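Here is the structure we will look at.
Residues take their numbers from the sequence shown, with the count starting at 1. Everything quoted here is computed from the prediction, not taken from an experiment.
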Amino acid sequence: WRRKFINEKCFGDVDLFRQEYPLTIQDAFSTSSSFVFPVQRIEEQIERIKEERIVSSNFNFINDYTTRNQLHQTRHGRIRIYEQPEPKALYVIGGDGAQGIDGGDHSSLVCLRVPEMYEVFSFSDTIAPSEFGAMASYLSRLYNNALLGIEINDKGGYAAIEYIRENHPATNLYYRRGLKALTLKDIRYGWHTNENTRSVMIEDLKVNLKNRTIDLFSIELLNQLRTFVKLKSGKLAAAYGKKDDLVLALMIAIQMGRNIHIRKEEQM
């Protein structure tokens with residue numbers, strides 16, 4: 001029974017088993033502080049995906065302006081779509097751009113339908129910033145001109161934003177205005193993550209997971225949430241050897257949802 005539960009319910013994690021099925025008080029609290037997000041909620045979502053047999057339609061992006069549809073469906077495509085664009089639906093996209101170096105960080109996108117907080121697609125792979133920008137812009141336009149927020153901290157994200165501004169200026173890019181911003185020159189495009197915004201981002205995602213007010217379907221994303229921990233340094237980030245690019249993209253998407261006006265249905 002113990003081995004079965006460790007493998008099936010706790011993903012092979014002995015520390016998680018001790019926390020979820022403690023024999024002593026020490027076991028119950030020994031690892032509780034290492035996991036940032038509620039593991040039980042993540043496990044429930046994974047079980048739901050299995051039980052309901054939720055699968056994605058997978059696509060690759062073709063940066064070819066001569067074709068109207070730039071998505072090519074393929075079994076191993078890295079764009080995983082769970083819902084096609086619905087007329088009049090509101091979508092937001094969060095993005096984490098990297099420099100596209102082999103063996104380096106992945107660039108990622110997560111799209112949510114709001115206010116339902118429903119994941120409609122995700123992407124994570126090594127890709128050049130210009131290609132990432134072209135793909136993000138296309139998907140934003142495809143999903144009803146979704147508000148697109150790409151983190152600007154990394155050179156890759158900055159390059160992707162500049163590519164979008166130069167080649168697809170009509171894209172609904174997220175921007176910030178400084179306190180002294182009086183002209184268009186003072187507008188800052190892209191999401192800036194700092195100590196303050198990061199704390200808010202993590203807490204907002206944590207609350208959504210705990211309250212079951214967000215639906216996630218990407219197993220890759222859910223696994224990254226599981227390995228997003230409190231490091232010995234005190235920083236909240238991916239465990240050693242793990243990735244958190246999709247987690248960051250998701251957190252930015254949630255913040256994008258707070259930056260758009262959602263129309264309320266008219267009173268009948």
- Message: Evaluate Gln73 against Asn58 for side chain to side chain contact (heavy atoms under 4.5 Å, CB included), listing each step before the verdict.
- Response: CA-CA 6 Å; Gln73 187 164 8; Asn58 301 335; 6.0 Å; no

- Test Met135 against Ile127 for side chain to side chain contact (heavy atoms under 4.5 Å, CB included), laying out the working first. CA-CA 10 Å; Met135 179 179 66; Ile127 184 173; 4.2 Å; yes

Donor-acceptor pair between [X] and [Y] side chains, under 3.5 angstrom:
{"X": "Gln70", "Y": "Asp64", "value": "no"}
{"X": "Glu131", "Y": "Asn63", "value": "yes"}
{"X": "Tyr143", "Y": "Glu86", "value": "no"}

What are the two closest heavy atoms between [X] and [Y], and how far apart are they?
{"X": "Leu216", "Y": "Ile49", "value": "O-CD1, 3.9 Å"}
{"X": "Leu147", "Y": "Met256", "value": "CD2-O, 3.7 Å"}
{"X": "Ser140", "Y": "Ala146", "value": "OG-O, 2.6 Å"}
{"X": "Ser137", "Y": "Thr171", "value": "OG-OG1, 2.7 Å"}
{"X": "Ser218", "Y": "Leu246", "value": "OG-CD1, 4.5 Å"}
{"X": "Ala238", "Y": "Leu231", "value": "O-CD2, 3.8 Å"}

- Identify whether NZ of Lys or CZ of Arg in Arg113 sits under 6.0 Å from the centre of the six-membered ring of Tyr118 and within 45° of that ring's axis.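 The answer is yes, since Arg113 meets both limits relative to Tyr118.
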
- Output all residues satisfying side-chain contact (heavy atoms from CB on, under 4.5 Å) with Asn208, sequence neighbours left out; order by chain, then residue number.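 Only Met117, Thr213, Ile214, Ile254 meet the side-chain contact (heavy atoms from CB on, under 4.5 Å) criterion with Asn208.
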
- Task: Describe, in one word, how the ring planes of Phe217 and Tyr82 are oriented to each other, choosing from parallel (under 30°), tilted (30 to 60°) and perpendicular (over 60°).
- Result: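 Ring orientation of Phe217 relative to Tyr82: tilted.
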
Under 3.5 Å, which donor-acceptor pairs do the side chains of residues 93-108 form with other protein atoms, sequence neighbours left out?
unit_1: His106; atom_1: ND1; unit_2: Ser124; atom_2: OG; d: 3.2
unit_1: Ser107; atom_1: OG; unit_2: Ala98; atom_2: N; d: 2.8
unit_1: Ser108; atom_1: OG; unit_2: Asp245; atom_2: O; d: 2.8

- Ring-ring centroid check Tyr189 Tyr174, cutoff 6.0 Å: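 They do not qualify: ring centres at least 6.0 Å apart.
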
Going from [atom1] on [X] to [atom2] on [Y], what distance comes out if it is rounded to the nearest 0.5 angstrom?
{"X": "Thr74", "Y": "Ile79", "atom1": "OG1", "atom2": "CD1", "result": "11.5 Å"}
{"X": "Thr197", "Y": "Asn194", "atom1": "OG1", "atom2": "CG", "result": "3.5 Å"}
{"X": "Thr227", "Y": "Leu222", "atom1": "OG1", "atom2": "CG", "result": "11.0 Å"}

- Message: Show, in sequence, the C-alpha distance, side-chain angles and deciding distance for Lys210 and Leu205, and conclude whether the side chain to side chain contact (heavy atoms under 4.5 Å, CB included) test is met.
- Response: CA-CA 9 Å; Lys210 285 183 176 180; Leu205 175 52; over 6 Å; no

- Heavy-atom count around Tyr158 OH within 6.0 Å, excluding the residue itself: above 12?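 It does not: Tyr158 OH has 12 such atoms or fewer within range.
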
- Task: Give a yes or no on this: more than 12 heavy atoms of other residues, nucleotides or ligands lie within 6.0 Å of atom CZ of Arg258.
- Result: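 Incorrect, the count does not exceed 12.
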
- Whether Arg41 side chain and Leu209 backbone form a donor-acceptor pair below 3.5 Å: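 It does hold such a pair.
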
- Query: Looking at Ile161, Asn172, Ile164, which hits side-chain contact (heavy atoms from CB on, under 4.5 Å) with Leu148?
  - Reply: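 Answer after filtering Ile161, Asn172, Ile164: Ile164.
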
- Derivation of the side chain to side chain contact (heavy atoms under 4.5 Å, CB included) call for Leu236 and Phe228: CA-CA 7 Å; Leu236 306 183; Phe228 195 89; 4.0 Å; yes

- Message: Contact between Phe37 and Ile42 at the side-chain level, heavy atoms closer than 4.5 Å - yes or no?
- Response: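 With C-beta onward as the side chain, the pair touches.
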
